[in-house]
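Written below as structure tokens is the structure these notes are about.
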Amino acid sequence: TAIQSAIDTALSYDHIMVMPGDYTENINFNGKILVVKSSGGPTATSISPSFDSDIIKFNSQETLSTILDGFTLKNGFSSFRAINISYSSPTIKNCIFTNCSTYEVINFDQSSSKIINCLFVDNDNDVNDVFGFYSGSYPQIINCTMVNNSSILRLAHYSLPTQPLFPYFKNSIIYDNSSFGIGTEAENISITYTLVDGGWSGTGNINADPLFVDPENGDYSLQNNSPCIDTGDPDLDDDGINWQFDLDDQDRDGTRSDMG
């Protein structure tokens with residue numbers, strides 16, 4: 001319980017740096033505004049559940065300033081989630097989610113979370129969805145890759161009275177999954193500047209092979225001739241200034257943003 005112990009003793013606005021390793025524990029941020037970041041990145045730092053429950057839980061009004069950065073979450077199981085977000089809006093970035101046969105990999109209930117630069121791969125069972133979007137949720141899925149999963153999303157109203165939900169995907173890759181998902185309000189999904197296997201109507205969307213470098217061995221970076229390179233939203237932060245004049249809209253190499 002090394003990570004949970006660090007969270008329990010930390011004060012809000014602390015930064016917790018986690019050393020590489022394979023951690024087996026279930027974590028609750030308990031409403032604290034913290035940055036929990038791995039020092040070695042997701043390929044060197046993983047979290048698996050120690051008992052049958054959500055691997056990580058945000059359910060105490062955590063805000064976007066609460067950040068989880070650079071972990072692999074794996075081996076979730078049963079009717080729980082890898083990350084359960086309820087009445088909270090944390091930021092999840094630079095993470096990998098794999099081998100989770102959970103009900104959903106991440107669920108959002110009354111949430112405006114941001115999921116940034118994450119990989120969802122090989123999460124597969126008969127009832128599994130990568131994302132569950134529930135009432136009052138407006139999450140943003142940005143520069144993420146979803147590949148070889150059973151289903152991408154579920155839309156549902158579980159809260160009473162019913163409240164609107166409106167998830168949006170941008171600059172992402174949705175490819176080679178068993179299905180896109182289920183729900184009665186597909187018109188409430190915004191998908192733009194995203195590669196969608198089979199196609200999806202929306203500004204900047206494409207239907208193509210993303211040309212991953214070596215997916216058979218887990219390398220989902222893009223080949224130099226990938227159609228996803230330099231085809232992301234030219235105004236990613238929606239401030240009216242295109243990427244040529246706005247560093248916030250550029251990749252680290254100074255070019256227009258990619259998909260995925």
Side-chain angles (χ1 to χ4, degrees), residues 18 20-22 37-47 67-75 82-83 91-100 105-106 114-124 130-131 139-153 168-178 180 191-200 202 204-237 243-244 246-260:
V18 179
D22 297 316
K37 181 176 182 178
S38 69
S39 63
T43 59
T45 316
S46 69
I47 307 173
I67 299 172
L68 180 75
D69 186 351
F71 296 86
T72 289
L73 275 68
K74 62 182 183 179
N75 303 333
I83 296 183
T91 299
I92 315 298
K93 57 194 299 187
N94 304 318
C95 289
I96 298 172
F97 298 83
T98 189
N99 194 36
C100 289
V105 180
I106 303 179
K114 289 185 177 182
I115 313 299
I116 304 169
N117 195 34
C118 291
L119 170 65
F120 300 83
V121 59
D122 297 334
N123 300 289
D124 190 13
V130 172
F131 301 114
Q140 302 176 40
I141 317 299
I142 303 171
N143 284 110
C144 290
T145 296
M146 293 138 273
V147 61
N148 198 32
N149 304 286
S150 58
S151 178
I152 295 302
L153 62 88
Y168 84 78
F169 295 76
K170 182 182 288 190
N171 284 17
S172 293
I173 296 172
I174 303 171
Y175 186 75
D176 198 24
N177 302 283
S178 298
F180 193 78
I191 303 178
T192 60
Y193 297 97
T194 290
L195 184 150
V196 182
D197 188 11
W200 187 278
N205 292 338
I206 62 174
N207 176 16
D209 185 334
L211 298 180
F212 298 124
V213 169
D214 189 8
E216 289 77 14
N217 291 298
D219 185 351
Y220 291 94
S221 57
L222 301 173
Q223 298 180 32
N224 291 335
N225 60 336
S226 168
C228 298
I229 291 179
D230 297 340
T231 52
D233 191 338
D235 183 18
L236 183 58
D237 57 4
W243 69 271
Q244 297 97 327
D246 189 347
L247 294 177
D248 293 332
D249 300 328
Q250 298 177 6
D251 283 340
R252 285 173 291 183
D253 62 359
T255 61
R256 177 175 167 175
S257 61
D258 300 336
M259 299 177 180

Seminar exercise, completed: Rounded to the nearest 0.5 Å, the CD1 atom of I96 sits from the OG1 atom of T43 at a distance of 6.5 Å
For this session: Kindly state each residue pair satisfying salt bridge (Lys or Arg N to Asp or Glu O under 4.0 Å) with at least one member in residues 220-229, sequence neighbours excluded.
Result: none
Problem set entry | Contacts of type side chain to side chain donor-acceptor pair (under 3.5 Å), residue D235, not counting sequence neighbours | none
Exercise. Is there any ring-ring contact (aromatic ring centres under 6.0 Å, His included) pair reaching into residues 213-232, and which pairs are they, with sequence neighbours excluded?
Worked result: F212-Y220
Exercise. Atom CG in L236, atom CD1 in I142: separation rounded to 0.5 Å?
Worked result: 6.0 Å
Exercise. Quick check: does any side chain N or O of D251 sit under 3.5 Å from a backbone N or O of D253, one acting as donor and the other as acceptor?
Worked result: no
Problem set entry | Check: N177 side chain, S151 main-chain N or O, donor-acceptor pair, under 3.5 Å | no
Exercise. Is Q250 reaching over with its side chain to a backbone N or O of R256, donor-acceptor style, under 3.5 angstrom?
Worked result: no
For this session: Could you tell me which residues satisfy side chain to side chain donor-acceptor pair (under 3.5 Å) with D249, sequence neighbours excluded, listed by chain and number?
Result: none
Exercise. Which atom pair, heavy atoms only, marks the closest approach of I173 to C228?
Worked result: CD1-SG, 3.7 Å
Problem set entry | Heavy-atom closest pair, residues M259 and L222 | O-CD1, 3.6 Å
Problem set entry | Partners passing side chain to side chain contact (heavy atoms under 4.5 Å, CB included) against L211 (at least two apart in sequence or in another chain) | D209, Q223, N225, S226, P227
For this session: First locate atom CD1 of I83, then atom CD1 of I115, and finally report the distance between them rounded to the nearest 0.5 Å.
Result: 6.5 Å
Problem set entry | Shortest non-hydrogen contact between S257 and N171, atoms and distance | OG-ND2, 3.0 Å
For this session: Check side chain to side chain contact (heavy atoms under 4.5 Å, CB included) between K37 and all other residues, then give those that pass, not counting sequence neighbours.
Result: M17, V35, D69
For this session: Determine whether V196 and I191 make a side-chain contact, defined as any pair of heavy atoms from C-beta on separated by less than 4.5 Å.
Result: yes
For this session: Indicate yes or no: at least one non-hydrogen side-chain atom of V130 is less than 4.5 angstrom from one of I106.
Result: no
Seminar exercise, completed: Residues passing the side chain to side chain contact (heavy atoms under 4.5 Å, CB included) test with S38, sequence neighbours excluded, are T45, F71
For this session: Please name all residues satisfying ring-ring contact (aromatic ring centres under 6.0 Å, His included) with F120, sequence neighbours left out, ordered by chain then number.
Result: F97, F131
Exercise. Are any non-hydrogen side-chain atoms of L119 and T72 less than 4.5 angstrom apart?
Worked result: no
Problem set entry | Residues which pass side chain to side chain contact (heavy atoms under 4.5 Å, CB included) with N99, listed by chain and number, not counting sequence neighbours | N75
Seminar exercise, completed: Residue set satisfying side chain to side chain donor-acceptor pair (under 3.5 Å) with S221, at least two apart, ordered chain then number -> D219
For this session: Report yes or no: does S172 contribute a side-chain atom to a donor-acceptor pair with the main-chain N or O of K170 at less than 3.5 Å?
Result: yes
Problem set entry | Residues that D197 engages under salt bridge (charged side-chain N to carboxylate O under 4.0 Å, His left out), provided they are two or more places apart | none
For this session: For Q140, check side chain to side chain donor-acceptor pair (under 3.5 Å) against everything at least two apart and list the hits.
Result: Y168
Exercise. Is there a donor-acceptor contact under 3.5 Å from the side chain of N123 to the main chain of N149?
Worked result: no
